[in-house]
Number of protein chains: 2
Amino acid sequence: MALTHDEVIDAAVGLLRTHGLADLTMRRLARELEVQPGALYWHVANKQTLLVRVAERMLADVTTAEGSTPLLGIRRIALGIRAAVLPVPDGSDVVALGYALDPTSVAAFVRLRELVAELCDSPATTTAATDLIVHHVLGSVGVEQNRRAADLPNRGATGAFERGLDLALTSITTPIAQRSAHGS
Amino acid sequence: MALTHDEVIDAAVGLLRTHGLADLTMRRLARELEVQPGALYWHVANKQTLLVRVAERMLADVTTAEGSTPLLGIRRIALGIRAAVLPVPDGSDVVALGYALDPTSVAAFVRLRELVAELCDSPATTTAATDLIVHHVLGSVGVEQNRRAADLPNRGATGAFERGLDLALTSITTPIAQRSAHGS
DNA sequence: ACCTGAACACCGTTCAAGT
DNA sequence: ACCTGAACACCGTTCAAGT
């Protein structure tokens, strides 16, 4: 019975989850699915777009349920994304690629931006604030995952992440009144 | 005459600058230096540590000169890191790896943290704020570089980056008084 | 001390040809 | 429509052996 696109993506996520990016190869994936490597290219254009779909799938279950306030909703989604990506080796690299190439393909990112917009006074500020939060989430996870892969300690990473997130959130709720210096 | 460690790193930076990570291979590097691939392993332990040295070299010339105020100094270093990394394809990936594995190996990161510390009331806050800034810089550059590599537009990227940076800086100078909601 | 030669176990992608 | 077989042009790393 014929292979489907979804089976390919599911197998790719499984491979990433258990072995990391170094072992998520087209050839290994083909072996897992018991087809020849060339068969995959009927279902996906190339490895890059495969990875974008993998990112989508990884974040598909992040809850975007209504919260009491926009700020709490933002916080919950940020924590949700972190929780979804952290256990998947090299997950932050894959999701960062997806965010760069197609930020609207992930519901959690779209919902995050909507909630941020409720607290911002212009689309430009909304974009800047959303990016700040997403970069912090993916950057933090990336550091943790790179260190883990190199057998380095991650002491206090969760606390540091949450403190950084709160700083970012503080800046969104701070009126334009107290603005810091603008150089050059 | 014998190859030196520095010649290897310089050639690696050159390869990255002109062709990106996909073409920065140990074999290609060896060809460039007119040696056999195995020869490189006398000078570097493996590709991963080579990349960490490449990151160091990329940021070696970022100016950490004294500014009038800590805030302006932070801003200048952040812009300097961005300017150094942006023109090097996949530079943000390489530097992010370096920041994760050995954040003290880059003078610009160390100086950035010192300046942030002058505005923070605890080491924990200093860490969170420094990470927030670094993640924003590298995340922004990463998005731009991934999009460029995929022939996607980067309209208004510089402005969006600076707005995000200013949000992050605002949060540092905002007293603990006006703190945003803390959930769960 | 520094490098070559040669091997080992892999890659992503393409494409004629099969069913 | 979907896949095989086979090829093309590559990878990182190791290590005996040479100088």
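Since this is a predicted model, take the numbers as computed values, not measurements. Within every chain, numbering begins at 1; the chains are lettered A, B, ... in the order of the sequence lines, protein sequences first and strands thereafter.
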To the nearest Å, give me how far apart [atom1] ([X]) and [atom2] ([N]) are.
| X | N | atom1 | atom2 | answer |
| --- | --- | --- | --- | --- |
| L21(A) | dC11(C) | CG | C1' | 14 Å |
| D23(B) | dA9(D) | CG | C1' | 13 Å |
| Y41(B) | dC15(D) | OH | C1' | 13 Å |
| L3(B) | dC3(C) | CG | P | 5 Å |
| E34(A) | dC3(D) | CD | C1' | 14 Å |
| L33(A) | dC2(D) | CG | C1' | 14 Å |

Closest nucleotide among [options] to the [X] side chain:
| X | options | value |
| --- | --- | --- |
| H43(B) | dG12(C), dC3(C), dC11(C) | dC3(C) |
| M26(B) | dG12(D), dT4(C), dT14(C) | dG12(D) |
| V35(A) | dT13(D), dT4(D), dT13(C) | dT4(D) |
| A2(A) | dT13(C), dC2(D), dC11(D) | dC2(D) |
| Q36(B) | dG5(C), dG12(C), dT4(D) | dG5(C) |
| K47(A) | dT13(D), dG12(C), dT4(C) | dG12(C) |

**OP:** Please figure out whether R27(A) or W42(A) has its closest DNA chain D nucleotide nearer the 5' end.
**Re:** W42(A)
Subject >> Toward the 5' end of DNA chain D, by each residue's nearest nucleotide, L24(B) or G38(A) >> reply: G38(A)
**OP:** Would you write the dot-bracket representation of DNA chain C, where each base gets (, ), [, ], | or . depending on whether it forms a Watson-Crick or G-U pair under 3.5 Å and with which partner?
**Re:** ||.|||||...|||||.||
Original post:
Looking only at heavy atoms, which two atoms of T64(A) and A108(A) are closest? And how far apart?
Top reply: CG2-CA, 3.9 Å
Subject >> Shortest non-hydrogen separation from A128(A) to R163(B) and the atoms involved >> reply: CB-CB, 3.6 Å
Using a cut-off of under 3.5 Å, enumerate the N/O to N/O pairs linking the protein to nucleotides 17-19 of chain C.
none

Original post:
Quick one: which of L15(A), L16(A), V54(A) gives a side chain to side chain contact (heavy atoms under 4.5 Å, CB included) with L21(A)?
Top reply: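 Of all the options given, the one that passes is L16(A).
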Original post:
Hey, mind stepping through R147(A) and E144(A) against salt bridge (Lys or Arg N to Asp or Glu O under 4.0 Å) and telling me if it holds?
Top reply: CA-CA 5 Å; R147(A) 291 183 65 83; E144(A) 285 191 65; over 6 Å; no
Original post:
What residue among R17(A), R31(A), R28(A) forms salt bridge (Lys or Arg N to Asp or Glu O under 4.0 Å) with D23(A)?
Top reply: R28(A)
Original post:
Applying the 4.5 Å side-chain criterion to the ILVMFWY set and letting contacts propagate, would V85(A) and V110(A) be lumped into a single cluster?
Top reply: no
Original post:
For atom C1', what is the distance between dT14(D) and dC3(C), given to the nearest Å?
Top reply: 14 Å
Original post:
How far does the P atom of dC10(C) sit from the matching atom of dA9(D), given to the nearest Å?
Top reply: 22 Å
Subject >> Donor-acceptor contact present, side-chain Q145(A) to main-chain V88(A), <3.5 Å >> reply: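 At least one qualifying donor-acceptor pair exists.
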Original post:
Quick one: which of T126(B), T104(B), T127(B) gives a side-chain hydrogen bond (donor to acceptor under 3.5 Å, both in side chains) with R113(B)?
Top reply: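 Of the listed residues T126(B), T104(B), T127(B), the side-chain hydrogen bond (donor to acceptor under 3.5 Å, both in side chains) partner of R113(B) is T127(B).
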Subject >> H135(B)/H135(A) aromatic ring centres below 6.0 Å >> reply: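 No, the ring of H135(B) stays outside the 6.0 Å limit from the ring of H135(A), centre to centre.
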**OP:** Determine whether the side chains of T63(B) and D61(B) contain a donor N or O and an acceptor N or O closer than 3.5 Å.
**Re:** no
**OP:** Mind checking A39(A) for me? I need base, sugar-phosphate or nothing, with any heavy atom below 4.0 Å counting as a touch.
**Re:**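 It contacts base atoms.
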Original post:
Between A45(A) and R31(A), who's closer to the 5' end of DNA chain C by nearest nucleotide?
Top reply: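 Counting from the 5' end, the first nearest nucleotide belongs to R31(A).
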